[in-house]
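Contents: one structure, followed by commentary.
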Amino acid sequence: MDVRRLTDRLGGLAFGGDYNPEQWDAQVWKEDDELMRRARVNLATVGVFSWALMEPEEGRYDFGWLDDHLDRLHADGVAVDLATPTASPPPWFTLAHPDAMPVGPDGSRLTHGSRDTYCLTAPAYRRAARRIAAALAERYGDHPALALWHVHNEYVTLCWCDHTAAAFRVWLRARHGSLDALNEAWGTAFWSQRYTSWEQILPPRASQWHRNPGQCLDFSRFWSDEALTAYREQRDAIRAHSDRPVTTNLMLPSYQNLDLWAFGREVDLVAVDHYPSAPGIGAAADTAFGADRARSFGGGAPWLLMEQGANTVYEAGRILGKEPGDILRHSLGHIARGSEGALFFQWRQSRAGAEQWHSAMVPHAGPDSRVFREVTATGEAVARLGELAGSTVRAEVAVLHDSDAWWAMQVDGLPSPELDYHAALRRAHRALWDAGLTVDFAHPEHDLDRYRLVVAPALFLLSDAGAENLRRYVADGGTLLVQHAGGAVDERLHARLGGFPAAPLREALGIRVEEHRPLGRDEEVMLSDGSTATAWSECLRTEGAETLAAYTHGMLAGRPALTRHGFGTGHGWYLSTRLDDPGYAALVGRLLAEAGAAPELPGLPPGVEAVTRHAPDGRSWHVLINHLADAVPLPQPGHDLLTGGPLGELPPGGCAVLRTH
Ligand code: GLA
């Protein structure tokens with residue numbers, strides 16, 4: 001279906017957030033109308049948690065209240081991102097279908113009283129989800145307020161119940177074809193785990209000791225496929241009645257249960273929720289990390305920041321408030337990297353209920369508040385950026401990201417607890433961000449030719465096709481850095497035999513790793529270039545590569561730690577340990593210099609972010625964010641869309657969007 005671009009319908013970039021009017025009364029709705037106008041809100045996400053109101057009992061719908069809100073929003077010039085409410089089934093659903101409640105790995109079944117209380121594989125749940133998606137689409141498919149469909153909310157819930165076991169077996173039959181192949185893939189010859197019928201196979205539930213790693217990896221793959229199928233079912237039910245774009249809000253957390261590349265191929269535009277997990281400058285780096293991933297999962301196409309916090313988000317172990325100015329800086333951090341707007345969770349802070357302390361655009365204190373003033377200023381800023389709609393971002397460097405590799409580093413029985421996929425990716429991105437580069441993420445089997453530099457920080461699992469692709473990338477002139485424990489196992493989690501990493505990649509790197517030597521938590525090793533390293537070391541020998549730094553002590557003394565190999569017309573670098581921050585930053589600097597990759601807008605000091613958005617017709621804009629406490633002169637003064645005038649200097653903490661044409 002040819003879907004119309006979201007921003008065509010909005011007439012510019014999106015600004016707004018989750019709107020839950022059912023928590024309030026008519027007087028507050030009236031104030032909402034007025035405040036949304038003031039804040040330049042043009043898109044509201046409605047219905048995410050409204051199942052109990054939309055379908056008060058099984059099969060009986062009540063949409064009258066929703067009609068009123070959609071008509072009211074439309075009259076106010078606010079378009080609607082209409083959600084299917086399937087992330088939060090009402091109590092009647094649980095009582096009618098107790099088998100559709102999620103079961104943990106230990107066999108305990110949850111009850112209702114929170115949200116996400118469903119099992120994705122339960123037939124009753126899937127039927128109910130398809131039904132309400134179709135009912136909503138039939139009623140609102142061509143409503144004039146409707147700009148976007150929002151399926152579900154963050155597919156994050158896992159389940160280990162009997163429905164899941166049955167669905168897992170179907171998936172395994174399709175993947176492996178025969179029990180023999182499955183037994184071989186999972187290495188069931190060890191610990192007497194051989195399966196002799198499909199019915200014996202279970203999801204990886206709680207067990208006595210290490211669970212089978214192949215079973216765990218396949219379960220992760222299965223679950224992601226199952227979630228994608230559930231998404232597709234709702235999407236297709238909607239498409240039968242509506243030509244508006246359909247998406248789901250993906251969560252970008254530090255855990256992983258979806259193959260976001262696969263979701264990126266199925267949504268009409270990628271939408272993500274992002275809550276920084278670090279304070280201060282770390283929040284800005286984290287924003288860039290999230291935004292660069294979001295853009296990459298959609299193949300570089302425009303995407304949408306569906307949720308961010310206006311201030312504090314309270315969650316176990318994470319209480320991070322926004323500093324004054326962060327609402328604009330973080331919103332622009334996303335827009336700079338291709339988001340078609342900036343939305344929040346949620347419009348008005350709940351007075352009661354489970355998330356009453358999560359921040360919102362209109363806080364408990366009301367509109368006379370710092371947060372609402374900053375929200376309004378950000379809304380005004382975003383409204384001035386309409387000409388950026390549809391423009392995209394270019395990157396010369398890529399960090400490799402593969403869900404299989406991530407899942408492979410979450411199984412039981414790994415050689416070290418220090419193998420942390422997410423932390424390794426974040427660190428690689430951060431070093432490139434600090435150096436002023438715009439970064440794409442890419443899959444190891446993607447065409448990488450457009451990148452001058454590719455960094456593979458945690459490619460523990462690497463498929464044969466991926467290894468060959470990386471070999472070819474280097475042979476054809478690319479600069480590649482592979483980091484420790486890379487290419488240790490294949491797509492079945494089987495160890496690579498005869499030396500690491502996988503053979504074709506070894507050829508490009510000119511090395512052979514003979515032994516992994518994980519380091520203890522407090523252990524540190526010295527390298528001959530003066531840097532230090534932790535977590536991991538390797539006994540390797542060069543097979544054509546030059547040694548740039550060697551270990552200095554212990555049994556690895558004199559052995560290569562960092563190597564570089566000219567191969568074809570490119571260079572394959574290998575780092576066999578986790579360098580300290582200055583050492584890693586220096587290495588990234590050398591790699592960028594060798595690859596000839598540089599910031600798109602040179603001449604800015606560290607701490608000033610600059611990303612360029614390019615329109616297909618040649619127009620472009622530099623989005624600039626100053627994270628420093630000092631004013632910074634601009635290398636190329638220009639017309640700033642935010643102030644509507646010429647700008648030669650960025651104020652402390654200030655932002656600008658410079659038209660370059
Ligand atoms: C998420 C959810 C929202 C809400 C916010 C809280 O990402 O999608 O429903 O829980 O976080 O900040």
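In each ligand, atom 1 is the first atom listed, and ligand 1 is the first ligand listed. All values derive from a computational prediction rather than experimental measurement.
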Show me which atoms of ligand 1 lie under 4.0 Å from any heavy atom of [X].
{"X": "Asp273", "value": "7 (O), 8 (O)"}
{"X": "Asn153", "value": "2 (C), 8 (O), 9 (O)"}
{"X": "Glu307", "value": "1 (C), 2 (C), 3 (C), 5 (C), 7 (O), 8 (O), 11 (O)"}
{"X": "Phe49", "value": "9 (O)"}

ask   = Is the charged tip of Arg221 near the ring of Phe219: under 6.0 Å from the six-membered ring centre and within 45° of its axis?
value = no

key: Ionic contact status for Arg426 with Asp286, cut-off 4.0 Å   = yes

query = Would Arg115 count as a contact of ligand 1 if the rule is a heavy atom under 4.0 Å away?
reply = yes

inquiry  = Looking at Asp106, I want to see if its CG is surrounded by more than 12 non-hydrogen atoms of other residues, nucleotides or ligands under 6.0 Å.
reply    = yes

inquiry  = Assess the residue pair Glu340 and Arg613 against the criterion (salt bridge (charged side-chain N to carboxylate O under 4.0 Å, His left out)); give the C-alpha distance rounded to whole Å, side-chain angles, the decisive distance to 0.1 Å, and a yes or no.
reply    = CA-CA 11 Å; Glu340 293 288 66; Arg613 281 184 66 149; 2.7 Å; yes

query = Is it the side chain, the backbone, both or neither of Glu355 that has a heavy atom closer than 4.0 Å to ligand 1?
reply = side chain

inquiry  = Against Asp32, only a single residue in Arg37, Arg348, Arg72 fulfils salt bridge (Lys or Arg N to Asp or Glu O under 4.0 Å); can you say which?
reply    = Arg348

